Structure formats: structure tokens, C-alpha cells
*Asks:* 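Have a look at this one.
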Amino acid sequence: MTNPVITALDVSDREAMRSLIKQLAPYGGIFKLGLEMFVGFGPDIVKEVIASGGKVMLDLKLHDIPNTVKKAAKNAGLLGAELLTVHASGGSAMLKAAVEGVKESGSKTKILAVTVLTSIDEETLQKELGVEKSVLEQVKSLAMIAKESGVDGVVCSPKEIKAIRECCGPDFLIVTPGIRPKWAAVNDQKRIKTPAEAIDDGANYIVVGRPITEANSPAGAMKDILKEIENR
Ligand code: C5P
């Protein structure tokens, strides 16, 4: 089984990050680097994770004019990221530009589109952002635009996995955070699923942060999650 766990490296010091990578890289999963680390430590952080044997999901959620996104995506490809995130709401021209940028870099970086942030509820979507659709309808519509633009997949909440799998087919990548094994603290996550449930629903990858990074044994937590998925 390829390891479907993407470990969210939301740590603010480099040594803590190095220690986590050392313990977890042997399991072959991907490490998610977000804006905080990328802005704080600079692009070299991506190269450092790769040099330590990890693969990188570069969670930059790019959203700009197509030409700028194309160049940023090209640079992410040159850094060697495995996965790169962009905002689907940037529209098809921007999404196609991101795909084009990665292609120009000659790398195999896959692009994932973020649909509607889970911090945006229906009221904000409709009253502030002027979108008439429900959150789920908007998520599905953006996922389909992403697919038609040549994007490889989406990042979505666990409750949207089934609907996206249904509308975007079996080859579209689905990555979902909001994952909590039964033994883990819920923290501030609201709508959670277990690793096994998310994979059963059709996710290709699950993003797991604190249940692994704050465990007494991060490698032990990773092993337990992989066992849970295998034995489902
Ligand atoms: O520690 P935890 O497992 O909650 O971390 C989940 C990771 O996924 C964090 O990096 C968080 O920012 C990200 N994320 C999320 N929920 C979303 C989108 C991203 O938890 N809707």
C-alpha cells in the first residue's frame, strides 16, 4: 500500500521539523508545508525536506492573475514539490496557467485545487461573497471547473469526498484534512472523519497534523493510522 498520509508540519521551529521528518520519512508519506513555514523559512525549506527523504505538498493556495500563478507554479515545480495547491475560485484561465507552469518546469508536480475554504459558511458565501449556490453545490461546481482545466485533484472536507468522487470520477485526486483517528484528540476540528472512513469514502490522501506531530511517538501514531487503514 502506498502511504496515503500527508503529515501537516505545522511547527514553528526547524529543529522540531527535522526531528519529525527523521522519524516519519521511512514511512514514505508526504509532508505538508503551509504558508507559515514557507514564508518563515523560505523556499529552501522545500529542498531541505526533500533532501531528508520526504515528499512535499506545498500548500500555498495560489490565487492571482494567470501569468503570475503560472510563474509561481513553475518555480514550485523546480523546487521539486510533489503536490501544489491553488484556489479553484481563480477560474479556469488561472488553473490552466498553473498546469502550464508546472509543465514548463519539467517536473511531475501535481496540482490540487482548494474549492471553498471550510472557514467560509453558507451565510458568508452567499451574503458576503455573492454566490447564490449552497456550499456543497459551489464545491462541486469548482471541482468540475478544476478538473476541466487539467488540475489533478482537490482538497476538500471529509463530508464532501463522496460528492466530489461522484461528480469528478475515479481518477481525480481527493485530499482531505479534518481527520482524527478514534484515539486522538479532536482539537479545533469540527467535522471530522477517521482515516478509514475517509479512505472508504474515496479519498486518495488524508492530511493529519497534531494526532501525529503532537503524539509521544509520531512514528507510532503513523503506524497506528496505517494499520487502521489496512485493517478496514
Ligand atoms: O492538526 P490537524 O490534523 O488539525 O491539521 C490539519 C491540517 O490541515 C492543518 O495544516 C490545517 O491548516 C489543514 N486544514 C484543515 N482544514 C481545512 C483545510 C486545511 O485542517 N479545511
Side-chain angles (χ1 to χ4, degrees), residues 3-13 16-17 20-21 23-24 27 29-41 45-46 49 54-63 81-89 111-122 124-125 135-136 138-140 142-143 146 153-164 173-199 201 203-222 224-226 228-229:
N3 185 346
V5 178
I6 298 177
T7 306
L9 285 179
D10 299 319
V11 289
S12 48
D13 94 87
M17 182 199 83
L20 281 167
I21 293 170
Q23 295 172 70
L24 298 169
Y27 296 89
I30 298 175
F31 295 96
K32 181 170 90 72
L33 295 174
L35 276 174
E36 181 187 353
M37 294 188 86
F38 192 76
V39 173
F41 298 135
I45 197 78
V46 178
V49 175
K55 294 180 208 145
V56 172
M57 170 178 173
L58 194 48
D59 190 17
L60 299 181
K61 298 189 178 71
L62 301 174
H63 190 171
E82 186 87 8
L83 303 167
L84 170 72
T85 59
V86 300
H87 266 288
S89 53
I111 305 223
L112 300 173
V114 174
T115 55
V116 178
L117 295 173
T118 45
S119 50
I120 293 180
D121 59 15
E122 203 123 301
T124 310
L125 185 73
V135 168
L136 185 62
Q138 177 71 349
V139 164
K140 280 168 39 183
L142 288 171
V154 284
V155 183
C156 69
S157 91
K159 67 177 186 124
E160 293 154 357
I161 300 170
K162 282 186 185 162
I164 293 180
L173 290 178
I174 298 182
V175 176
T176 182
I179 297 300
R180 286 294 178 269
K182 288 209 175 78
W183 45 265
V186 171
N187 309 112
D188 50 2
Q189 291 287 1
K190 292 202 178 76
R191 288 180 294 260
I192 53 171
K193 288 211 177 190
T194 67
E197 285 167 347
I199 299 290
D201 279 1
N204 301 92
Y205 294 100
I206 53 173
V207 176
V208 185
R210 289 160 290 181
I212 293 176
T213 58
E214 292 180 3
N216 288 332
S217 163
M222 173 68 86
D224 288 345
I225 291 170
L226 294 176
E228 177 183 332
I229 294 170

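Keep in mind that what you see is a predicted model, and the values were worked out from it rather than measured. Numbers here simply count residues along the sequence, with the first being 1. First listed ligand is number 1; within each ligand, the first listed atom is number 1.
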*Asks:* Do any N/O atoms on Lys61 end up under 3.5 angstrom from N/O atoms on ligand 1?
*Replies:* no
*Asks:* To the nearest 0.1 Å, how far is atom 6 (C) of ligand 1 from its closest protein heavy atom, and which atom is that?
*Replies:* Gln189 NE2, 3.8 Å
*Asks:* Which atoms of ligand 1 have any heavy atom of Val207 under 4.0 Å away?
*Replies:* 7 (C), 8 (O)
*Asks:* Is there a donor-acceptor pair under 3.5 Å between the side chain of Thr213 and the backbone N or O of Gly209?
*Replies:* yes
*Asks:* Show which atoms of ligand 1 fall inside a sub-4.0 Å distance from at least one heavy-atom site of Pro211.
*Replies:* 3 (O)
*Asks:* Looking only at non-hydrogen atoms, which of Arg191, Arg210, Lys190 approaches atom 1 (O) of ligand 1 most closely?
*Replies:* Arg210
*Asks:* Return the option from Asp10, Thr7, Asn187 holding the heavy atom at the smallest distance from atom 9 (C) of ligand 1.
*Replies:* Asp10
*Asks:* What's the spacing between Leu60 CG and Met57 CE if we round to 0.5 Å?
*Replies:* 10.0 Å
*Asks:* Nearest to atom 12 (O) of ligand 1, what protein heavy atom do you find, and at what distance?
*Replies:* Lys32 NZ, 4.2 Å
*Asks:* Which of these, Gly34, Pro177, Gly209, has its nearest heavy atom closest to atom 5 (O) of ligand 1?
*Replies:* Gly209
*Asks:* Using a 4.5 Å cut-off on heavy atoms from C-beta on, say whether the side chain of Pro4 contacts that of Ile229.
*Replies:* yes
*Asks:* Can you list the ligand 1 atoms lying under 4.0 Å from a non-hydrogen atom of Ala8?
*Replies:* 7 (C), 10 (O)
*Asks:* Only heavy atoms count here, so choose which of Asp188, Thr118, Thr176 is nearest to atom 17 (C) of ligand 1.
*Replies:* Thr118
*Asks:* Checking a contact table here: which protein heavy atom is nearest atom 2 (P) of ligand 1, and how many Å away?
*Replies:* Arg180 NH2, 3.4 Å
